[in-house]
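Beneath this line is the structure, given in structure tokens, with notes to follow.
Any value given below was found using the heavy atoms of this structure, including those in side chains, with hydrogens, waters and symmetry copies removed.
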Amino acid sequence: DAGVTQSPTHLIKTRGQHVTLRCSPISGHKSVSWYQQVLGQGPQFIFQYYEKEERGRGNFPDRFSARQFPNYSSELNVNALLLGDSALYLCASSLAGSNQPQHFGDGTRLSIL
Amino acid sequence: AQTVTQSQPEMSVQEAETVTLSCTYDTSESDYYLFWYKQPPSRQMILVIRQEAYKQQNATENRFSVNFQKAAKSFSLKISDSQLGDAAMYFCAYRSGGADGLTFGKGTHLIIQP
């Protein structure tokens with residue numbers, strides 16, 4: 001079975017631009033979460049979506065938004081990019097329930113010039 | 001807000017020996033879950049082991065086991081018979097029973113010496 005897939009693998013943008021990152025969950029997983037991992041740090045929670053509704057949000061500005069589609073895939077959008085947005089963006093999917101482990105994709109490496 | 005602290009930025013162990021990685025957390029909740037994830041240079045986060053707070057028995061997965069001390073809010077990972085493939089960043093993570101996202105520690109870089 002395919003794992004969590006994310007695209008693109010790498011992305012280079014300049015300050016002020018916007019970016020869209022994509023994630024396809026493991027088949028059967030209806031919950032998708034997004035994390036930002038700055039170099040040398042642990043991942044930080046951005047959003048959780050379940051059944052196409054936002055179920056949780058971390059401490060990130062409104063420049064960050066996301067949505068989940070009927071097929072449970074998800075997009076993370078970031079507007080007005082800042083140098084500090086340079087990071088590895090990880091997507092994770094899981095079955096319903098907080099006891100269910102999250103399975104991560106390989107991430108998208110975003111570099112802001 | 002919950003916090004997760006990993007006090008060892010880096011640990012080194014000889015191949016075939018045992019190593020313990022430390023993790024403490026702070027929470028006022030009684031219903032939560034704890035996880036250890038491994039992130040090799042390939043960067044994919046891989047689940048190593050998980051523990052439900054309501055279970056007193058420590059979780060084990062082959063060479064990996066945890067020492068869960070709920071009163072002390074401590075959740076250490078023991079790796080027995082260390083192998084070269086165990087070399088990676090190890091992250092301790094907390095998740096509320098309310099099913100929000102994971103809160104991660106800063107990680108411990110584990111080096112396996114042949």
[X], part contacting chain B, at a heavy-atom distance under 4.5 Å:
{"X": "L88(A)", "result": "side chain"}
{"X": "Y35(A)", "result": "side chain"}
{"X": "R109(A)", "result": "both"}

A96(A), G107(A), S33(A): which one forms the most heavy-atom pairs within less than 4.5 Å of chain B?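 So the answer, after comparing A96(A), G107(A), S33(A), is G107(A).
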
I'd like to know which of G40(A), P43(A), S31(A), S94(A) tops the heavy-atom pair count under 4.5 Å against chain B.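 Top count of heavy-atom pairs under 4.5 Å with chain B: P43(A).
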
Is atom [atom1] of [X] surrounded by more than 12 heavy atoms (other residues, nucleotides or ligands) closer than 6.0 Å?
{"X": "K106(B)", "atom1": "NZ", "value": "no"}
{"X": "K70(B)", "atom1": "NZ", "value": "yes"}
{"X": "L83(A)", "atom1": "CG", "value": "yes"}
{"X": "Q57(B)", "atom1": "CD", "value": "no"}
{"X": "N62(B)", "atom1": "CG", "value": "no"}
{"X": "K55(B)", "atom1": "NZ", "value": "no"}
{"X": "R15(A)", "atom1": "CZ", "value": "no"}

Among M89(B), E52(B), Q39(B), H109(B), who wins on heavy-atom pairs under 4.5 Å with chain A?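 Among the listed options, the one with the most contacts to chain A is Q39(B).
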
Quick one: pull up [atom1] in [X] and [atom2] in [Y] and give me the separation to the nearest 0.5 Å.
{"X": "T103(B)", "Y": "Q44(A)", "atom1": "OG1", "atom2": "CD", "answer": "9.0 Å"}
{"X": "F91(B)", "Y": "Q41(A)", "atom1": "CZ", "atom2": "CD", "answer": "8.5 Å"}
{"X": "Q102(A)", "Y": "F35(B)", "atom1": "CD", "atom2": "CZ", "answer": "7.5 Å"}

Examine W34(A) and L47(B) and state if one hydrophobic cluster contains both, with Ile, Leu, Val, Met, Phe, Trp and Tyr joined whenever side-chain heavy atoms are less than 4.5 Å apart.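 Different clusters.
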
Can you get from W36(B) to L34(B) by hopping between Ile, Leu, Val, Met, Phe, Trp and Tyr side chains that sit under 4.5 Å apart?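 Shared cluster, yes.
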
Could you tell me which non-hydrogen atom of G105(A) sits nearest to which non-hydrogen atom of Q44(B), and how far apart they are?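 Answer, listing the atom of G105(A) first, then Q44(B): O-CG, 3.9 Å.
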
Minimum heavy-atom separation for R95(B) to Q48(A), with atom names?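 Distance-wise, the nearest heavy atoms are NH2-NE2, 3.1 Å.
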
L102(B) portion near chain A, given a 4.5 angstrom heavy-atom threshold: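 The answer is both parts of L102(B).
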
So for Y37(B), is it side chain, backbone, both, or neither that comes closer than 4.5 Å to the heavy atoms of chain A?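 Looking at Y37(B), just its side chain touches chain A.
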
